[in-house]
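So the structure is just underneath, and the comments pick up after that.
Note that the numbering runs from 1 along the sequence shown for the chain.
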Amino acid sequence: MLEPVSGRPAAVADCGVERALVVADYHAGLEVGLRRDGVEIRSHAAERRESLLRLLAESDVDRLVLLGDAGDAIGEPSGAEREELSALFEAVTERVPVTLTKGNHDGAIESVVEGIDGVDVVDGPGVRIGDVGFCHGHTWPDEEVVAAPTLCTAHEHPMVRLEDDVGGSRRERVWLRGRLDEAGFPDYDRVGERIVVCPAFNDLSGGTLVNESDDFLSPFLPEGLAEGEAYLLDGTRLGDYRSV
């Protein structure tokens, strides 16, 4: 039901009623915060937007689902971040409608999309579209979302550290896929079958090194992910994420 786009931090979800391009943790305006912290870096806003628009053109989908943290500021977006978000939503909605499941960085995202037709903002508990439940993952999802055959979530920015034979290492973004375990949802009457944790679209945002720590950010992870396996963006299967 969820097929990653090879080499890209995005997937196509076959929801039954429609096909959706799924992108997580876009973090528009991230460079603003980095510069505030003393990192000299130019804006990559145009490259991010064009990359996403190319994915839409190549994927033949009916909708874009943004799995939260479309922006980077915790409060109301302003300045360069607001301009990036406005340009993104205006460009995307010329092609397909957008569903945004709010993340912890999207507190006042409604102020940006107000007046832009084709953007549906849903709260943290998420939304179910056909056979797929979508939520950002920073808070407990709605039971109907968890009960979908496939739960698609984000927030973790999952990564692994890979080492070579001479002691060098690099960090790579990964997908986490496994069985949805009711142990992660003790107060829910129903859970679905599968869970997918999506990598961050923004390659500057860092993430959780899942092969080095079980200190996940989401309240239902790692307990809700059974038999979890990691996959690189190019589709390479790494096996059990804990033992990569």
Side-chain angles (χ1 to χ4, degrees), residues 2-12 21-55 58-59 66-72 81 84 103-105 136-138 152-179 194-218 221-244:
L2 195 79
E3 186 65 31
V5 179
S6 181
R8 312 291 289 279
V12 175
L21 181 68
V22 182
V23 167
D25 294 291
Y26 192 87
H27 284 280
L30 176 64
E31 295 87 349
V32 176
L34 291 175
R35 286 195 292 269
R36 190 180 302 120
D37 292 336
V39 179
E40 293 298 324
I41 187 171
R42 66 173 181 81
S43 171
H44 292 72
E47 291 96 323
R48 276 192 292 271
R49 183 172 62 253
E50 290 306 313
S51 177
L52 183 51
L53 293 176
R54 283 195 299 272
L55 279 166
E58 296 165 1
S59 301
L66 288 173
L67 282 182
D69 286 2
D72 192 61
E81 178 180 340
E84 180 179 353
N104 50 305
H105 286 253
H136 181 62
H138 64 300
C152 189
T153 187
H155 187 48
E156 299 295 338
H157 306 193
M159 305 181 77
V160 294
R161 189 194 304 277
L162 300 178
E163 296 184 355
D164 58 31
D165 293 337
V166 294
S169 69
R170 70 182 192 277
R171 297 184 177 199
E172 294 282 353
R173 287 174 288 177
V174 293
W175 300 87
L176 296 181
R177 307 178 75 162
R179 179 174 56 82
R194 295 170 295 275
I195 180 170
V196 179
V197 186
C198 300
F201 188 82
N202 194 319
D203 61 357
L204 299 174
S205 59
T208 301
L209 288 170
V210 297
N211 61 334
E212 295 187 356
S213 172
D214 267 349
D215 189 18
F216 282 63
L217 302 173
S218 173
L221 293 175
E223 291 81 7
L225 173 64
E227 301 160 12
E229 294 191 320
Y231 295 79
L232 295 177
L233 298 189
D234 66 5
T236 301
R237 178 184 176 185
L238 300 177
D240 186 334
Y241 71 88
R242 293 181 176 89
S243 59
V244 172

Residues that [X] engages under salt bridge (Lys or Arg N to Asp or Glu O under 4.0 Å), provided they are two or more places apart:
X	result
Arg171	none
Arg242	Asp214
Glu163	none
Glu156	none

Do the non-hydrogen side-chain atoms of [X] and [Y] ever get within less than 4.5 Å of each other?
X	Y	result
Asp72	Val32	no
Trp175	Pro199	yes
Val210	Val160	yes
Tyr241	Pro158	no
Arg8	Ser59	no
Pro4	Leu233	no
Phe201	Leu52	yes
Leu238	Glu229	no

Pairwise distance [atom1]([X]) to [atom2]([Y]) - rounded to 0.5 angstrom:
X	Y	atom1	atom2	value
Ser213	Arg161	OG	CZ	11.5 Å
Arg177	Leu225	CZ	CG	11.5 Å
Arg173	Leu232	CZ	CG	11.0 Å
Ile195	Thr153	CD1	OG1	6.0 Å
Leu221	Leu176	CG	CG	8.0 Å
Leu30	Ser205	CG	OG	6.5 Å

Sequence-distant partners of [X], side chain to side chain contact (heavy atoms under 4.5 Å, CB included), two or more places apart:
X	result
Glu223	none
Glu50	Leu53, Arg54
Asn104	Asp69, His136, His138, His155

What heavy-atom pair brings [X] and [Y] nearest, and what distance separates the two atoms?
X	Y	answer
Ala11	Leu2	CB-CG, 3.9 Å
Gly239	Val244	O-CG2, 4.5 Å
Asn202	Tyr26	ND2-O, 3.1 Å

- Message: Tell me if a side-chain donor or acceptor on Glu31 pairs with a main-chain N or O of His44 at a distance below 3.5 Å.
- Response: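 Checked: pair present.
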Under the side chain to side chain donor-acceptor pair (under 3.5 Å) test, which residues partner [X], sequence neighbours left out?
X	value
Glu172	Arg170
Glu84	Arg48
Arg49	none
Ser169	none

- Message: Would you say that more than 12 heavy atoms from the other residues, nucleotides or ligands in this model lie under 6.0 Å from the CG of Asp215, or not?
- Response: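 No, CG of Asp215 has 12 or fewer neighbouring heavy atoms, counting only those of other groups under 6.0 Å.
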- Message: Going by ring pair (Phe, Tyr, Trp, His ring centres under 6.0 Å), name the residues that satisfy it together with His27, two or more places apart in sequence or in a different chain.
- Response: His105, His157
